Structures are given as C-alpha cells and as structure tokens.
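This is a predicted model, so every value here is computed, not measured.
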Amino acid sequence: MAEPAPSLPLNIPDKPLLATADVISLAEVAARRAEKFGALIDTLEAGVAKRASDAAESLARAGFNPGDQTAAADKARAIARREVVANSSETRWAHLKELSAAADSLATTAQLWASPITVLSRSGLGTPERTAYMQQLEGSGIVELKNMAAFAVASGNKVLGAALVSVVDRMPARSRPFSAQDLADRLVGEETRRVQDAIAAVKLAAQRAINRNREWEAGKVRPLDRVKLAMNKPKE
C-alpha cells in the first residue's frame, strides 16, 4: 500500500495581522525614524568634517603650505571617522533595529494583502451574512450572478462579493460569468493598494537607513545599493 503524500507546510509568518490604519500609521512612523537616522548621520559627518577643517586651519595659521594643510585635514578626517564610527555604533544600530523590526512585523500582513482577491476572499468569513449569500447564490444562473456582481460593486457589499468569488471559483474557467479578479479590484482594490504602498514604504525606510549606515561605515558611496533602492521606490 502506497504511503500518502506528505502534506505541505502552511508557511505562515509568526507575526500579527495589522489593520489598514495601523499599517499606514506604521509607514508614517518608519518614515520619521528613517529621517531621524539620516539627520544623525549628517550630524556625525559634520563632526568629522569639523575636525578635518580645524586641522587644516591650525596648520594654515602656523604658516604651512596648502599641501601640508590638505594632508593634515585628510589625516584628521580618517582618524575622526574611525573614532566616530566606533563611538556611534550602539546608537546607530538601535535606530536600525527599530526600523528592521517594523519591516519584519509586516510579514503576515504583506502575505494576506498580496492581492485584491486575497483580501476580498476573507470578507465576512464565518458570518451568518456570508453563509446566507452562499446559500442564495447556489444554483444561480449566469445572468443572475452577473447582476449580483454588479449590485455588489454598486453597493460596495464586500461580503456579497466574497460569496460570489467563492461560487464562481468552483465553476469551470470557461463558464465563469465574470472575472473574480476584476470584481475584487473594484471592491477592495484601492484599499489593497494603499496597504501595499504602506508596506513598501516601511521596507523602503528600513533599507534606506541600512544603506546610509553602510555608506557611513565605509566612508564612500555604494552606487549599486542606491540603484537597487531607487528601483524599489514606489511610483507616485
């Protein structure tokens, strides 16, 4: 007797599902944190530049030539950068951990807001209203299903839309009277995109801070990181 095929794991992230308002609020908080982190790096950069400038000015006052002044500034800048990078490590990583935690907290939310049809399909789950709609729609003809879909869109009835998606999903593909994806997009598409944009904004804020920190520690621009960040930036 053949053994049964192994069941596949659900692969559900161990994170809470956040409401729309909470995701949008988190995106705003993450943007402010990333901006604050950027200001911190600017302050650190200014401190390093000041020590380099002071070194050059000191030699200028002593009558040294411009070449010596530049060499002194470069040496002071290198020493200052090493010291400031080390001394600011704990503070910088505290900021980065906050932003990374915010992005990680959205794993489940991102999965359950992957598409309008994913969102619509869970509307009214377990409610008497959805059960009643399912019972009423069973055995309905093509024209009636189309009319109910039009009514769901016109009235913004997501629970009816979810019931319609369930019924249509069980029909042969060629017999379906309308696109479930289109119905879902009309009912919850705008909200879905708002949530997806907010999730992307949180991840972008975290990555922007990480990139800025990498450049600060390296003391040079990382062009590839900047290109990747620009490519992932949501279109306005």
Lys203 side chain reached by Arg208 side chain, heavy atoms, under 4.5 Å: no
Minimal non-hydrogen separation, Ala198 against Ile24, with atom names: CB-CA, 4.0 Å
Cluster companions of Val143 among Ile, Leu, Val, Met, Phe, Trp, Tyr (side-chain spacing under 4.5 Å): none
4.5 Å side-chain heavy-atom contact, Ser121 and Ile117: yes
ILVMFWY network linking Ile210 to Leu99, side-chain heavy atoms under 4.5 angstrom: no
Between CG on residue Asn157 and OH on residue Tyr133, distance to nearest 0.5 Å: 4.0 Å
Listed pairs under 3.5 Å, donor-acceptor, residues 27-39 side chains, sequence neighbours left out:
none

Donor-acceptor contact present, side-chain Ser88 to main-chain Val84, <3.5 Å: yes
Leu187 to Val153 - nearest heavy-atom pair and separation: CD2-CA, 3.9 Å
Side chain to side chain contact (heavy atoms under 4.5 Å, CB included) partners of Ala76, counting only residues at least two apart: Ala55
Common cluster, Leu26/Leu96, ILVMFWY with side-chain heavy-atom separation under 4.5 Å: no
Donor-acceptor side-chain pairing of Thr118 and Ser115 below 3.5 angstrom: yes
Contact check, side chains of Leu137 and Met148, non-hydrogen atoms, under 4.5 Å: yes
Asp197 and Arg194: CA distance, side-chain angles, deciding distance, salt bridge (Lys or Arg N to Asp or Glu O under 4.0 Å) verdict: CA-CA 5 Å; Asp197 287 347; Arg194 285 206 316 272; over 6 Å; no
Other residues, nucleotides, ligands: >12 heavy atoms within 6.0 Å of Arg186 CZ: no
Side chain to side chain contact (heavy atoms under 4.5 Å, CB included) against Val221, all qualifying residues, sequence neighbours excluded: Glu215, Pro223, Arg226
Rounded distance (nearest 0.5 Å) linking atom CD of Glu144 with atom CD of Gln136: 9.0 Å
Heavy atoms from other residues, nucleotides or ligands near CD of Glu83 exceed 12 (cutoff 6.0 Å): yes
Salt bridge (charged side-chain N to carboxylate O under 4.0 Å, His left out) contacts touching residues 158-167 (sequence neighbours left out): Lys158-Glu191
Flag, side chain of Ser89 to backbone of Ala86, donor-acceptor distance under 3.5 Å: no
Closest contact, heavy atoms only, Trp113 versus Leu18: NE1-O, 4.2 Å
Sole residue of Asp22, Val119, Thr20 in side chain to side chain contact (heavy atoms under 4.5 Å, CB included) with Val195: Thr20
Where Ile199 and Leu106 come nearest, the two heavy atoms and their spacing: CA-CD1, 4.1 Å
ILVMFWY network linking Val167 to Val188, side-chain heavy atoms under 4.5 angstrom: yes
Distance (rounded to the nearest 0.5 Å) between Asp104 CG and Lys97 NZ: 13.0 Å
Main-chain N/O of Val159 paired with Ser123 side-chain donor or acceptor, under 3.5 Å: no
Short side-chain donor-acceptor distance under 3.5 Å, Gln181 and Asp185: no
With Asp169 via salt bridge (Lys or Arg N to Asp or Glu O under 4.0 Å) - residues at least two apart: none
Verdict with supporting geometry, Arg222 and Glu217, salt bridge (Lys or Arg N to Asp or Glu O under 4.0 Å): CA-CA 11 Å; Arg222 297 167 63 98; Glu217 290 188 336; over 6 Å; no
Cluster check Val168, Leu160: I/L/V/M/F/W/Y, side chain < 4.5 angstrom: yes
Within one Ile-Leu-Val-Met-Phe-Trp-Tyr cluster: Val48 and Ile79, side-chain cutoff 4.5 Å: no
Contact summary for Ser175 and Met171, nearest pair of heavy atoms: O-CE, 3.3 Å
Asn213/His95 under side-chain contact (heavy atoms from CB on, under 4.5 Å): CA gap, chis, key distance, verdict: CA-CA 10 Å; Asn213 187 65; His95 285 278; over 6 Å; no
Distance (rounded to the nearest 0.5 Å) between Arg81 CZ and Trp216 CH2: 4.5 Å
Shortest non-hydrogen contact between Ala73 and Ala56, atoms and distance: CB-CB, 4.0 Å
Hydrophobic cluster partners of Phe64 (side-chain heavy atoms under 4.5 Å): Leu59
Side chain Ser155, main chain Phe151, donor-acceptor under 3.5 Å: yes
For Thr43, side chain to side chain donor-acceptor pair (under 3.5 Å) partners two or more places apart: none
Candidate pair Asp42 and Arg212, rule salt bridge (Lys or Arg N to Asp or Glu O under 4.0 Å), full reasoning: CA-CA 10 Å; Asp42 289 341; Arg212 187 75 192 277; 2.6 Å; yes
Non-neighbouring partners of Gln196 that pass side chain to side chain contact (heavy atoms under 4.5 Å, CB included), sequence neighbours left out: Thr192, Arg193
Any residue meeting side chain to side chain contact (heavy atoms under 4.5 Å, CB included) with Lys146, in chain and number order, not counting sequence neighbours: Ile142, Pro177
Contact list for residues 57-72, test salt bridge (charged side-chain N to carboxylate O under 4.0 Å, His left out), sequence neighbours left out: none
Pairs involving residues 129-142, ordered by first then second residue, that meet salt bridge (charged side-chain N to carboxylate O under 4.0 Å, His left out) (sequence neighbours left out): Glu138-Arg170
Salt bridge Asp54-Arg51, side-chain N to carboxylate O under 4.0 Å: no
Spacing of Leu112 atom CG and Arg122 atom CZ [to the nearest 0.5 Å]: 5.0 Å
